[in-house]
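So the structure is just underneath, and the comments pick up after that.
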Amino acid sequence: MKAVILNEFGSADVLQYVECPIPSINSGEVLIRTTYTSVNFADIKNRTGNKAKANFPMILGLDVAGVVEKVFDERSMFKKGDLVIAFPKNGAYAEFVVAKEQLVFRIPNGVPVEKAAAAPTVLFLSYLLTHQIAPIQKSDAVLIHAASGGVGTMLIQMAKNLGARKIIGTVSKMDKASIVYKLGAHQVLTYENFSEQVNDCTNGLGVNIIFDSIAGNITEESLSCLAPYGTLVQFGNSGGRAGQIMTSDLHNSCRNIKGFSLGTTRKLKPELLQQVAQNIFIILKNESFQVPVAKVFALEDMQEAHKLMESRQHQGKILIKI
């Protein structure tokens with residue numbers, strides 16, 4: 001099979017399009033012929049060595065959409081030919097991948113494959129964030145950082161569907177604002193002095209929930225516009241630096257900070273994904289719910305796909321068609 005591997009950490013140039021053996025499966029696993037995979041920011045961190053351990057040769061990628069090619073035995077809940085999305089166990093940048101059955105989800109009729117392919121990581125993550133980690137109420141004002149990215153575009157729509165009274169998104173520059181407004185934001189800001197602007201547009205009250213995937217100074221400044229009893233959810237550090245938090249900023253104002261990782265949840269509590277999968281597919285069947293796709297690349301063009309992700313010029317998901 002064809003796959004994209006890396007034998008060292010580094011720039012996008014370390015990604016190599018090569019021939020590899022088709023992987024074998026064990027009990028409780030399925031072999032999937034990949035139709036689509038995607039690029040997530042975690043792939044960039046893994047490629048540069050900021051997240052992954054050196055276990056070369058390495059295949060990156062978090063999710064796939066494809067067709068079940070082989071099951072281990074007749075007791076499997078899947079069969080050859082099933083159309084599925086999945087979180088593979090050893091990377092996704094390949095024509096064939098192996099996934100544990102707990103992390104494979106059959107795509108129901110009525111869900112377009114490309115739409116489903118763009119959704120696994122970003123939609124499962126945004127659903128869990130907005131429904132379980134920090135459930136959005138209709139009385140809530142919500143701030144969503146990186147609002148034009150893959151997760152951000154999902155969070156904006158989740159907040160809208162849940163009836164949040166005010167939805168504010170932040171972007172790196174205002175030419176990304178149009179898609180955020182289109183998906184349901186009431187206001188879009190850049191990161192420059194965003195906390196002051198948030199307080200201005202909320203009459204000094206601040207927001208009740210903040211979804212933050214950037215960390216660093218963005219997390220630190222976010223506390224300046226988080227309302228008393230509010231919740232900041234920290235679920236990534238695309239900015240590359242951890243934020244510094246004063247405990248007095250929390251107990252004095254009755255505010256709280258929660259952390260969440262979809263990767264950790266896949267490893268430790270995969271049943272949580274099974275519990276919400278049907279709700280994910282109901283959302284995907286809704287034609288009004290958009291899963292914006294920035295660009296579709298071929299597998300052999302993975303270097304260019306990574307460069308686009310790193311440029312932060314995209315809006316929505318970056319897909320790889322195989």
I'd like to know whether NZ of Lys2 has more than 12 heavy-atom contacts from other residues, nucleotides or ligands below 6.0 angstrom. yes
So, Asp212 side chain and Gln234 main chain: donor-acceptor pair closer than 3.5 Å or not? no
Taking the side chain as every heavy atom from C-beta outward, state whether Val151 and Phe41 have any atom pair closer than 4.5 Å. no
Checking Gln102 side chain against Gln274 main chain: does a donor-acceptor pair fall under 3.5 Å? no
So with a 6.0 Å cut-off around NZ of Lys160, is the heavy-atom count from everything else above 12? no
Tell me whether the count of non-hydrogen atoms from other residues, nucleotides or ligands lying under 6.0 Å of NZ in Lys100 goes above 12. no
Do Asn40 and Asp63 have side chains that get closer than 4.5 Å, going by heavy atoms? yes
Could you tell me whether Lys295 atom NZ has more than 12 heavy atoms of other residues or ligands within 6.0 Å of it? no
Look at the aromatic rings of His145 and Tyr191 and report parallel, tilted or perpendicular, splitting at 30° and 60°. tilted
Evaluate whether atom CD of Glu19 has more than 12 neighbouring non-hydrogen atoms of other residues, nucleotides or ligands under 6.0 angstrom away. yes
Using modelled atom types only, decide if a donor and an acceptor are shared between the side chain of Asp140 and the backbone of Val142 within a distance under 3.5 Å. no
Using a cut-off of 6.0 Å, state whether more than 12 heavy atoms not belonging to Glu271 lie near its atom CD. yes
My understanding is that only residues two or more places apart in sequence, or in another chain, count here; which of them pass ring-ring contact (aromatic ring centres under 6.0 Å, His included) with Tyr17? none
Ser148 side chain to Val180 main-chain N or O, any donor-acceptor pair under 3.5 Å? no
State the CD1-CG distance between Ile22 and Leu31, to the nearest 0.5 angstrom. 7.0 Å
NZ/Lys182: more than 12 non-hydrogen atoms of other groups inside 6.0 Å: no
Between the main-chain N or O of Ser224 and the side-chain N or O of Asn199, is there a donor-acceptor pair closer than 3.5 Å? yes
Spell out, as yes or no, whether a donor-acceptor pair under 3.5 Å connects the side chain of Lys258 to the backbone of Ile133. yes
Check: Met154 and Pro292 side chains under 4.5 Å, non-hydrogen atoms: yes
Modelled atom types, side-chain donor and acceptor of Gln313 and Lys173, under 3.5 Å: yes
Residues passing the salt bridge (charged side-chain N to carboxylate O under 4.0 Å, His left out) test with Glu196, sequence neighbours excluded, are none
Would you check if Thr190 and Met174 make a side-chain contact, meaning some heavy-atom pair closer than 4.5 Å? yes
Side-chain touch Leu284/Ile280, heavy atoms, less than 4.5 angstrom: yes
In chain order, what residues pass the salt bridge (charged side-chain N to carboxylate O under 4.0 Å, His left out) check against Glu95, with sequence neighbours excluded? none
Could you tell me whether a side-chain N or O of Asn203 sits under 3.5 Å from a main-chain N or O of Leu205, the two making a donor and an acceptor? no
Just wondering, more than 12 heavy atoms not from Lys70 lying within 6.0 Å of its NZ? no
Under 3.5 Å, is there a donor-acceptor pair between the side chain of Glu220 and the main chain of Gln244? yes
N/O donor-acceptor pair under 3.5 Å between Arg266 side chain and Phe87 backbone: no
